[in-house]
Amino acid sequence: MSTREEQHFKQTDAQARFDFKKEQRAAFAAERGLTEETVRVISEDKDEPEWMLQRRLRALKQFHAMPMPTGWTNQPDLSEVDVNAIIPYIRPDVDVRGGVRDWNDLPEDIRDTFDKLGIPEAERNALSGVGAQYESEIVYQNMREEWESLGVVFMDMDKAVREHSDLVEEYFMTKCVPPSDNKFAALHGAIWSGGSFVYVPEGVTLDMPIQAYFRMNSAGMGQFEHTLIVAEKGSEVHYIEGCSAPKYSVFNLHSGCVEVFVKEDAHVQYSTVQNWSKNTYNLNTKRAIVDRGGRMEWVSGSMGSKVTMLYPATILNGRGASDNHITIAFASRGQDIDTGAKVYHNAPETNSTIVSKSIAREGGRTNYRGLVRIADGAVDSSCTVECDALMFDNDSLSDTMPHIEILEDRVDVAHEATVGKIGDEDVFYLQSRGLGDDEAKQLIVSGFIEPITRELPIEYAVELNRLVELEMEGSLG
């Protein structure tokens with residue numbers, strides 16, 4: 001595809017950028033379902049050490065022993081989720097395991113997929129490094145030499161298990177997200193594949209983000225990438241994640257896991273823009289542990305999926321540690337986007353802020369489901385929660401379900417929630433300035449989500465606004 005053709009494709013057919021699909025070409029695909037034999041086959045195909053196989057098998061036992069989440073107030077319907085109906089592992093037809101470093105070495109059909117999604121352009125313009133996952137494995141991985149020379153590690157998780165075994169064995173689903181946390185964490189621990197390993201040495205600051213992009217192309221598959229970020233003392237990194245999948249008539253399952261370790265005085269920002277198709281169940285587990293003086297930031301945009309249940313959690317374990325959650329959720333017809341945040345204040349002088357923005361139209365449902373816990377002894381800690389919902393019609397639903405536990409007197413906690421509809425007066429005012437009805441509403445929504453977009457690099461802020469516009473037009477899925 002020429003540069004001119006690529007620009008024309010991006011500008012004139014934004015829907016096609018996300019909804020196109022390729023014929024499946026796999027070097028290896030596991031059988032449907034989840035058995036011990038499936039887990040052993042996946043581990044053997046990846047040439048994993050024995051300790052990882054044993055962790056997978058323990059997680060498999062936990063998965064089978066744990067019930068599906070039930071009994072939550074207004075819980076999204078998960079009755080269609082049948083793990084035995086999905087293909088848990090597909091290795092794409094790429095010669096180099098762990099991903100090539102030269103974009104031109106990718107097979108043409110895979111390269112074309114990511115070209116249409118704008119990944120090479122983003123790498124050239126705004127990134128320190130990029131990884132691209134297709135189906136179950138990373139197919140492209142690259143890091144600028146200036147950061148590699150400083151000891152920064154950015155590689156796919158499969159390769160990290162082999163080349164940084166001691167480090168991965170210490171952190172992988174041990175202290176942050178154990179498989180016993182929930183049924184889908186256990187599922188992930190058994191059949192995870194791909195994802196990113198990021199290690200930033202003490203005192204190193206990456207002044208440009210690194211990015212991973214995850215693409216499901218096949219019908220009826222599951223994607224289970226694992227992201228592990230370790231930021232040593234005084235370091236700083238911004239990790240951006242993008243996700244997408246075309247629409248099929250059968251359901252797909254995305255159950256990734258993110259573990260972040262923010263050491264003393266380190267700073268990590270984790271940003272994600274997820275645009276799954278409306279047949280995808282998006283059920284992730286994400287968590288960070290923050291030491292003394294460390295700072296964690298979550299910036300999330302979630303849309304497109306049939307059901308999303310996503311509640312990034314931060315454990316503030318060190319004095320003066322801080323956390324900032326900013327989330328946008330967009331639900332249209334047939335969508336249930338259940339998102340929120342969890343923050344555990346376990347040390348004095350810890351601070352957290354949660355900002356949740358949701359948009360619902362055509363009978364869609366959004367929900368903020370959050371937890372704030374301030375432990376006994378976490379004196380002089382503070383937390384602010386702000387939940388704002390924007391409704392397009394009377395058929396849509398928006399709920400706010402905060403849960404706050406305060407076990408210490410000397411703290412400052414505030415919660416605020418608002419729900420409103422797009423006002424006719426606001427639309428009329430913008431129309432009087434020459435805008436059409438749709439343009440006026442899109443401008444109002446862009447202003448509503450501005451607290452999220454201003455936290456993203458300009459390329460990704462523009463992309464998020466474009467996705468919101470497509471959702472408002474009802475043109476995706």
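The figures here come from the full heavy-atom set of this structure, side chains too, leaving out hydrogens, waters and symmetry mates. FYI, the numbering just counts along the sequence from 1.
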Do the charged groups of Lys46 and Glu44 touch, with an N to O distance under 4.0 Å?
-> no

Pair Arg55 + Glu48: basic N to acidic O under 4.0 Å = no

Given side chains that start at C-beta, do those of Cys257 and Trp192 come closer than 4.5 Å, heavy atoms only?
-> no

Do Pro49 and Val161 have side chains that get closer than 4.5 Å, going by heavy atoms?
-> yes

Measure across Arg287 and Asp181 and return the closest heavy-atom pair with its distance rounded to 0.1 Å.
-> NH2-OD1, 2.9 Å

Between the main-chain N or O of Ser332 and the side-chain N or O of Gln335, is there a donor-acceptor pair closer than 3.5 Å?
-> yes

Do the rings of Phe154 and Tyr239 sit parallel, tilted or perpendicular, given the 30° and 60° boundaries?
-> perpendicular

Does a sphere of radius 6.0 Å around NZ in Lys61 hold more than 12 heavy atoms from other residues, nucleotides or ligands, not counting ones at 6.0 Å or beyond?
-> no

Taking only Lys NZ, Arg NE, NH1 and NH2, and the carboxylate oxygens of Asp or Glu, determine whether Arg369 and Asp338 approach each other closer than 4.0 Å.
-> yes

Non-hydrogen atoms of Trp72 and Met309 that approach each other most closely | CZ3-CE, 3.5 Å

Answer yes or no: is there a donor N or O on one side and an acceptor on the other, between the side chain of Arg292 and the main chain of Lys263, under 3.5 Å?
-> no

In terms of the angle between their ring planes, are His226 and His188 parallel, tilted or perpendicular, with boundaries placed at 30° and 60°?
-> tilted

Which pair of non-hydrogen atoms, one from Gly194 and one from Asp158, has the smallest distance, and what is that distance?
-> N-OD2, 3.3 Å

Is there side-chain contact between Val385 and His325, with at least one heavy-atom pair below 4.5 Å?
-> no

Between Phe184 and Pro69, which heavy-atom pair has the shortest distance, and what is it?
-> CE1-CD, 4.0 Å

Less than 4.5 Å apart, any side-chain heavy atom of Tyr281 and any of Glu80?
-> yes

Between Lys233 and Asp291, is there a salt bridge with N-O shorter than 4.0 Å?
-> no

Correct closest heavy-atom pair for His345 and Val372 would be CD2-CG1, 4.3 Å

Quick one: does Ser43's side chain have a donor or acceptor within less than 3.5 Å of a partner on Arg40's backbone?
-> no

Full working for side chain to side chain contact (heavy atoms under 4.5 Å, CB included) between Val307 and Leu78 | CA-CA 8 Å; Val307 171; Leu78 300 179; 4.1 Å; yes

With a 3.5 Å cut-off and no angle check, do the side chains of Asn282 and Thr280 form a donor-acceptor pair?
-> no

Below 4.5 Å, heavy atoms only, C-beta onward: do Leu283 and Leu253 meet side chain to side chain?
-> yes

Is there side-chain contact between Met157 and Phe172, with heavy atoms separated by less than 4.5 Å?
-> yes

